[in-house]
Structure formats: C-alpha cells, structure tokens
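One structure below.
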Amino acid sequence: MKKLYTLFVGVLVAAGAMAQSAPNMTLPNRMKMKQPVSIPHAHHSALATNQFVIDYDSADATNPITGTYARYIWDFNYHYTTADSSLQFFDVAFDSLYDAYNQVGYSRASVSTIRCDSIYMIMGQENNSGIDDTLITKLINVNANGYPGSTVMWSDTTIISSSSPFGTSWLQPVILSIPCGYTVSNNDRFALRVEYHGNKQDTCGWLAGFSNNGQCASASVSAAQTQYSPWKINANTTYVGNTFTLWTEYASYGILPTSGGANIYYDCNGNQNYDQGTDGETYLQNITVSVMVTTDPLAVAENTELGVKLFQNKPNPFNGNTIVQYELTNNSAVTMEVYDIAGKKLMSFDEGKQSAGKHDINVDGSSLKPGVYFYTLIVNGSRLTNKMTVVK
C-alpha cells in the first residue's frame, strides 16, 4: 500500500476514493500541492435576469458541507505518461443550474435552452522548455446521468507563447477568459474538458477547492464533498460531484471517478481494502472553472433530493406585501429568512412542521428600502435561495 500525504501550513492532506468496488488505488507519488496566498475570482455585474455564472467552487466555499474549505493547486500535462504518475486532463460537468454569486438554484425543468457565453479558468503555468505550449478547451456531451462523454460540441485552441506564459510559476494562478457563444442541446447538460499540451519540462496547474475534514477524521469523510452538481451512478444512486480527471497511473480505468463510482482513496486502517465509513473518501474537488450562461427565464429553485421547491415571490418587484410559495414532497420543518445584499438577516419566519404540498408565506416589506433582497428557505437544515426586488 502506498500512502501519500503533504503537510502544508499545518494541514495534512491526502486524496481518496468512494466505491466498494474500487480497486486499491492510492495517490501517485509525484503529486504536488500548494495552497496559494490569494485566490483571484472573476466577478460579474449588470447581468441580464436570465444570465448568470455557474461557479461550483464559489458556491461550495460559501456553504461548505463539512470542515473548512481549502484550495490547492495540482499539476497536469496531456503529455504525462504512466511513469510520471500525475494528471493528463480534467473535466468539469455543469449539471446544476446554480447562480453562485446570487445564491439562487434553478430546476433544469424551468429552462429549455442554455447558451455558454464565456468560460473562466483560474490556472497557473510555467515554461521551462522554450517551446510554445497549447491549451485546448472543449465542450463535451454528458450522458443521461450527467457523466462526461466523448462527443466534442465546441472547442477552442490557445497557443501559449514560450515568451509569454501565463506566469513565472504554475503555483501562481491567473484568470483566463475564453469567449464561447455555443447553445447546448442534450437536455441542456454539458461538461468542459481542459487539455494542456506542453513539453514535459513545462507545467500547468489547476486550482481546486473542497470541504476539508481531514483524510482520516473520526467520522470518515463522505463522498459527497460538493453540493451543486449531482450525477447518477445508476437509477437509484446519486453521486454528488462535478470534477473528473485522468490519472496517468490509472489510465486503464479511464477518467476517475468511473461511471461505476470507482476512485482513489486513503486507506486509513491500512488493511489494503476499501472500508466504507472508515477509509478516507476522495476530495471531490471543485476545479476553478466557471461559465457565464444565458437561459430562457428562470423562476424556480429546487432541491430534488429533499423534495422541495421554492418559487419566485409574487408580485416581484413589489411595494408592501409579497407572497413566497414553496412546495414539499414530504412533511418537513420549515424556516424562512430574508437578507439584504450585504448578508444581514432582516426577517425570520418559523413555519414549524409543515405537511407535504404547497404553502404560502406572506412577507411584509413595508419597512424595507428599495433594492434587491434574498429570501432563503431552510428545510430540514438545507437551504434554497431566491432574490426579490423592493420598489417604492
């Protein structure tokens, strides 16, 4: 058994796996990780009402599932081989319509079209060979379960001049912006594949974040370390993640996690076998790739796992009172809170235990100043958010 761990600023980090059927895959020996001092982010404003940015890293950093949210840089190169024991490329599946900057999630059933307007990537790169490198970005299909396929729907090729690399070190990330403009079909689902074709002396690094609870915590880290991009292993099992990578050491298995859920893991008890609930699960990392999308009008936030829908308040915009409607599949404890744009809680509604079906909450906004506010429905501890506008 191999164990790889990196100690950095007092945090012990290792990667892991999730499925009982997974082979005994542990981290390759060559992996480098570093947590940058500052993290750049792309910020957007004055967007159309049906235009927003899907950014799973920002979404999960705002509401980490467990522990603290950490970010690290991993090296990758399409020309790495098995002997290099590293990463060749990565995929990010944009499966959930979540507006991270306004904290609003939408049901896929509420849209009929989705256009990828722009792609934003936070990456580092250094050139030691003196030879130009190439970055290839592809929109690829996903299957009915949200798992990346092989059909290329759109692609962009960027030549990175050896005299003008992204930076002086692959450990120092910068923001890249790539225009797209492709309207996606296939039930509006797509994934982004990023390939760095560089001389093996050159390195590209991708920044990734995850809810860090330690590799061998008292309660083993759950496989569900990201919240906003669920895909299904099969008809009955949903695996919540959005990042898929090809490791050179395990290239025979294809991209990981596999469609059956196999992945690398940390063997906490050292018995050479995967033990669910004991061994450390994989950090299902949110690679810092985001997309600005435009859709037809959206109005419904939904959590299909919990069986709850949060509808747009009516009227909206409003002056005085407005009604917030929600729908439950099961009997649930419900609370609603109203926040201003700075995140200050202004109102709280304790609805108690509510039965399955539709319910209304009357919001008296007469004391609110004109502007944008957010209302958050809390159902059994999970949150759904929409925004509303007050006018005078």
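Atoms considered below: every heavy atom in the structure, side chains included; atoms not considered: hydrogens, waters and symmetry mates. Every value quoted in this text rests on a predicted model; they were computed, and no experiment measured them.
In this structure, Pro165 and Ser162 approach most closely via the heavy-atom pair CD-O, 3.6 Å. Of all heavy-atom pairs between Ser169 and Glu126, the closest is CA-OE1, 3.4 Å.
Counting heavy atoms from C-beta outward, Met123 and Pro173 have side chains that stay 4.5 Å or more apart. Between Lys392 and Pro370, some side-chain heavy-atom pair lies under the 4.5 Å cut-off. For the pair Ser129/Asp202, a side-chain contact is recorded, criterion being any heavy-atom separation below 4.5 Å from C-beta on. Residues Trp154 and Ile119 have side chains in contact (heavy-atom distance under 4.5 Å, counting atoms from C-beta outward). Two residues are said to be in side-chain contact when any heavy atoms from C-beta on lie closer than 4.5 Å; Val142 and Tyr147 fail this criterion. The shortest side-chain heavy-atom distance between Asp350 and Met336 does not fall under the 4.5 Å cut-off. For the pair Ile160/Phe166, a side-chain contact is recorded, criterion being any heavy-atom separation below 4.5 Å from C-beta on.
Side-chain atoms of Thr329 come within 3.5 Å of backbone N or O of Gly307 as a donor-acceptor pair. In this structure a side-chain-to-backbone donor-acceptor pair under 3.5 Å is missing from Ser96 to Tyr98. Judged by distance alone, with hydrogens and angles left aside, the side-chain atoms of Asp84 form no donor-acceptor pair with the main-chain N or O of Ser86 at under 3.5 Å. In terms of modelled atom types and a separation under 3.5 Å, the side chain of Glu351 and the main chain of Val334 share no donor-acceptor contact. Side-chain atoms of Thr288 come within 3.5 Å of backbone atoms of Leu207 as a donor-acceptor pair (strictly under, hydrogens ignored). Distance alone, capped at 3.5 Å, places no donor-acceptor pair between the Asn316 side chain and the Asn313 backbone. Under the 3.5 Å distance criterion, the side-chain polar atoms of Thr389 are left unmatched by any main-chain donor or acceptor of Pro317. Judged purely by atom type and a 3.5 angstrom limit, Asp99 has no side-chain atom pairing as donor or acceptor with the backbone of Ile54. Of the possible donor and acceptor atoms, none in the side chain of Asn77 sits under 3.5 Å from a partner among the backbone N and O of Cys204. At distances below 3.5 Å, not a single donor-acceptor pair connects side-chain atoms of Thr245 with backbone N or O atoms of Trp247.
Listed by chain and residue number, Phe76, Trp206 satisfy the ring-ring contact (aromatic ring centres under 6.0 Å, His included) test with Phe90 (two or more places apart in sequence, or in another chain). By the side-chain hydrogen bond (donor to acceptor under 3.5 Å, both in side chains) test, Gln325 pairs with Asp360, sequence neighbours left out. Under the rule for a side-chain contact (heavy atoms from CB on, under 4.5 Å), the partners of His197 that lie at least two apart in sequence or sit in another chain are Tyr78, His79, Thr134, Ile136, Glu195. Partners of Thr183 by side-chain contact (heavy atoms from CB on, under 4.5 Å), not counting sequence neighbours, listed by chain and number: Arg115. A search for side-chain hydrogen bond (donor to acceptor under 3.5 Å, both in side chains) contacts involving Gln354 returns His359, not counting sequence neighbours. Scanning for salt bridge (charged side-chain N to carboxylate O under 4.0 Å, His left out) contacts around Lys314 gives an empty result, with sequence neighbours left out. Take Thr385 and apply the side-chain contact (heavy atoms from CB on, under 4.5 Å) test, not counting sequence neighbours, and it matches Gln103, Phe374, Thr376. Under the side-chain contact (heavy atoms from CB on, under 4.5 Å) criterion, Thr113 pairs with Asp296, sequence neighbours left out. Partners of Asp133 by side-chain hydrogen bond (donor to acceptor under 3.5 Å, both in side chains), not counting sequence neighbours, listed by chain and number: Gln125, Asn127, Tyr196.
To the nearest 0.5 angstrom, Glu327 atom CD is 11.5 Å from Leu310 atom CG. Here CG of Asp117 is found 8.0 Å from SG of Cys180. Values are rounded to the nearest 0.5 Å. A distance of 7.5 Å separates OH in Tyr120 from OG in Ser290, rounded to the nearest 0.5 Å. Rounding to the nearest 0.5 Å gives a distance of 3.5 Å between CD1 of Ile178 and CE of Met121. Atoms CE and CZ, on Met388 and Phe318 in that order, are 4.5 Å from each other to the nearest 0.5 Å. Atom CG of residue Asn242 and atom CG of residue Asp95 lie 9.0 Å apart, to the nearest 0.5 angstrom.
When the side chains of ILVMFWY residues are joined at heavy-atom separations under 4.5 Å, either directly or via intervening members, Tyr375 and Leu346 end up in a single hydrophobic cluster. One hydrophobic cluster holds both Val174 and Val194 under the rule that ILVMFWY side chains link at heavy-atom gaps under 4.5 Å. Ile378 and Leu384 fall into different hydrophobic clusters, defined by Ile, Leu, Val, Met, Phe, Trp and Tyr side-chain heavy atoms under 4.5 Å apart, directly or through other members.
Under 3.5 Å, the side chains of Asn331 and Ser355 contain no donor-acceptor pair of N or O atoms. Thr158 and Asp156 share a donor-acceptor pair across their side chains, judged by distance under 3.5 Å alone. The closest side-chain donor-acceptor pair between Asn321 and Asn362 falls under 3.5 angstrom. A donor-acceptor pair shorter than 3.5 Å can be found between the side chains of Asp60 and Asn286.
In this structure, Lys358 forms a cation-pi arrangement with Phe311, its terminal cationic atom sitting closer than 6.0 Å to the ring centre and no more than 45° off the ring axis.
The list of salt bridge (Lys or Arg N to Asp or Glu O under 4.0 Å) pairs with a residue in residues 166-180, not counting sequence neighbours, is empty. Counting only residues at least two apart or on different chains, no salt bridge (Lys or Arg N to Asp or Glu O under 4.0 Å) pair has a member in residues 367-379.
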**Message:** Using side-chain contact (heavy atoms from CB on, under 4.5 Å), reason through Phe89 and Leu87 one step at a time and then give a plain yes or no.
**Reply:** CA-CA 6 Å; Phe89 64 83; Leu87 297 163; over 6 Å; no
**Request:** Please step through side-chain contact (heavy atoms from CB on, under 4.5 Å) for the pair Val92 and Arg193, ending with a clear verdict.
**Result:** CA-CA 7 Å; Val92 177; Arg193 175 165 294 176; over 6 Å; no
**Request:** List the steps and the verdict of side-chain contact (heavy atoms from CB on, under 4.5 Å) for Ser348 and Thr335.
**Result:** CA-CA 7 Å; Ser348 182; Thr335 302; 4.1 Å; yes
**Prompt:** Step by step, would you call Asp364 with Ser366 a side chain to side chain donor-acceptor pair (under 3.5 Å)?
**Reply:** CA-CA 6 Å; Asp364 181 359; Ser366 58; 2.8 Å; yes
**Prompt:** Which is it for Asp75 and Thr203 under the side chain to side chain donor-acceptor pair (under 3.5 Å) test, yes or no, and what are the steps along the way?
**Reply:** CA-CA 6 Å; Asp75 59 322; Thr203 303; 5.6 Å; no
**Item:** Audit row: Ser332, Val308, side-chain contact (heavy atoms from CB on, under 4.5 Å) steps and yes/no
**Value:** CA-CA 9 Å; Ser332 304; Val308 57; over 6 Å; no
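Between Tyr56 and Phe94, the ring planes lie parallel to each other; the angle is under 30°, not in the 30° to 60° tilted range.
The hydrophobic cluster containing Val152 also includes Ile140, under a criterion of side-chain heavy atoms closer than 4.5 Å among ILVMFWY residues, counted directly or through chains of members.
A ring-centre distance under 6.0 Å is not found for Tyr182 and Phe190.
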